[in-house]
Amino acid sequence: MRKKASKNIQLVLITSVLASCGQPAQQAKDTDKQRVFMRADSTAAYTEVTDNYNNSSNRSGGSGGMGTSLLWFMAFRHMGGVLGYANNSIHPSSVSGTNARKADAYKAQRGGFGNTANSNSSVGA
Amino acid sequence: MKINTLRIDPNWQNRLEEIGFGYHTLGGVPFWVDDRYYEITSREADLIYKATAELWDMCLQAVEYVIKNKQYASFHIPAYMYHHIENSWENDDPSIYGRFDFAYDVERGELKMLEFNADTPTSLFETGIVQWYWKKHYFSEGTDQFNSIHEQLIASWTQLKPYLKGEILHFACVKESLEDLTNLEYLRDTAIQAGLATKLIYVDDIGWNGHSFLDLEGEPIQSVFKLYPWEWMVREDFGVHIVNDALRAQWIEPSWKMLLSNKAILPILWELFPNHPHLLAAYFEEPDFLKHFVKKPILSREGANVEMYYDKQMIYATEGEYGEEGYIYQELATLHREDSGFSIIGSWLIGQEPCGISFRESDMPITTDKSRFIPHIIKY
């Protein structure tokens, strides 16, 4: 019977960073903050995204890693225009570099799912 | 079953945020109730467990019935999806979870199914994690709870692993919903612990290259858990690509779950299992003899567009954008009531196994996205 409490719980991905990423971006500048650069492809040039990443980088930790924290963060700070990694805050040269497969990914149609959610806060039931 | 009060932890918000729970308060009003809890008996836990297992079996029989009789019109499912649903059922495409919502009448000991959230149930993180840590904070180690969700999720992903297509299981949800993201990442967390390679992608970032779906890095999507309703997907621009997909991506929940997440399944269950002790009478048309009932859209979410009637007079109604596809009429249930509001029980089924419960409390007898989460313990 599974109607007992779990004996032990460990989380390997979720950290307190997740709880904070829905908060409005903080305006305060931290002069000692870590600078963050990103690229969507290993053959592409880096773009600095420190300001975008500020909120989550200050509280990063645990095993989620920068990649996960940044993705969480981007759910709430995507800039409109183009989608995902290819948003306006990242220079186009940082998106696909010389990787043909990545360039194809960039060319793929996107946005064909998700429109119904725009008028709903959560999809849950 | 009774409700009790605790001396509240003054640091409760920080305590919850430390474990990744960031939506404990919505618009300044607590969604999570830290200082009240339900105490249930072992016998009540048994009743919920058995009812959940029995209803799941009945639901599977109802899916078989709908598919065999091609009764899709009652569900307003687009015709192009019929074959996909039939294939996913024939292939036993795996389901990971679902949540039955129950009305519990303590005096009569009656547990009645209100509906089955079979496609995109949320509050999994609150039930499996937040509630568990809450118990650990306030009670001694020997205190029990109907909650083995975490262990059952890891066990279920482990069992599913050999049946998934491709090397990576993608996890998709909408942007800008911390609740959805947290629930999704909790599921991904347990999949990682089961040894699966995973990737997060937002549903609006999913790409289509003319042959298959792909993620932002150009990886083909072959297996994907989506916290996004089937009824929305099949009406959006990429919906038709689901059946054109050369890789035949494996969607979790599978498309056959569309039949169970749709309230049209309620009259069908009543037709197949009339007067079953855990069912409420339900009909596609409003019967004259039904005096006290609830009118529900077949595709509404989180209590939207629900109307409640007593002696054929409307006594409560919620707003929303649903109802275009039609309604069902369900006998009015007796909800558990305390001074603080009306409560329903959510009973989780993970990997075919009942394994956890949650309580949601509302000011009115209709549960919505604003309904408060109340934790529980089992009293032996």
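Below, chains carry the letters A, B, ... as their sequence lines are ordered, and counting in each starts from 1. Source: prediction; values computed, not measured.
Contact detail for A:Gln10 and B:Gln193: the closest heavy-atom pair is O-NE2, 2.6 Å. The heavy-atom pair separating B:Val203 from A:Gly114 by the smallest distance is CG2-CA, 4.0 Å. Taking all atoms of both residues into account, the shortest heavy-atom contact from A:Ile9 to B:Gly128 is CD1-O, 3.5 Å. Of all the heavy atoms in A:Ala19 and B:Gly20, the pair that sits closest is CB-C, 3.7 Å.
The distance from atom OG of B:Ser347 to atom NZ of A:Lys3, rounded to the nearest 0.5 Å, is 12.5 Å. In this structure, the separation between CG on A:Asn8 and CH2 on B:Trp132 is 5.5 Å, given to the nearest 0.5 Å. One distance of note links CZ of A:Arg110 with CH2 of B:Trp208; it measures 13.0 Å at 0.5 Å rounding. Annotation: the span from B:Thr182 atom OG1 to A:Leu18 atom CG amounts to 4.0 Å, rounded to 0.5 Å.
When each of B:Phe238, B:Tyr133, B:Phe21 is scored by its heavy-atom pairs under 4.5 Å with chain A, the top score falls to B:Phe238. When the candidates B:Asp189, B:Asp144, B:Ile149, B:Ile129 are compared by the number of heavy-atom contacts under 4.5 Å with chain A, B:Asp189 comes out ahead.
There is a side-chain donor-acceptor pair under 3.5 Å between B:Glu236 and A:Thr116.
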Query raised in the report: Going through the checks in order, is the side-chain contact (heavy atoms from CB on, under 4.5 Å) test met by A:Leu13 and B:Tyr186?
Result: CA-CA 8 Å; A:Leu13 174 65; B:Tyr186 175 47; over 6 Å; no

Query raised in the report: Given A:Leu11 and B:His150, is the side-chain contact (heavy atoms from CB on, under 4.5 Å) satisfied, shown in steps?
Result: CA-CA 10 Å; A:Leu11 295 172; B:His150 191 75; 3.9 Å; yes

Query raised in the report: Does the pair B:Glu151 and A:Ser6 meet the rule for a side-chain contact (heavy atoms from CB on, under 4.5 Å), with working shown?
Result: CA-CA 6 Å; B:Glu151 291 172 350; A:Ser6 293; 3.8 Å; yes

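Residues A:Ile14 and B:Phe125 form a side-chain contact, since some pair of their non-hydrogen atoms from C-beta on lies under 4.5 Å apart. The closest side-chain heavy-atom distance from B:Leu178 to A:Cys21 is below 4.5 Å.
Of the two parts of B:Ile378, only the side chain, counted from C-beta on, holds a non-hydrogen atom closer than 4.5 Å to a non-hydrogen atom of chain A. Using a 4.5 Å cut-off between heavy atoms, B:Lys136 makes no contact with chain A at all. Using a 4.5 Å cut-off between heavy atoms, B:Leu153 does not touch chain A at all. Heavy-atom distances place both the backbone and the side chain of B:Arg188 under 4.5 Å from chain A.
For A:Phe113 and B:Tyr202, the gap between ring centers reaches or exceeds 6.0 Å.
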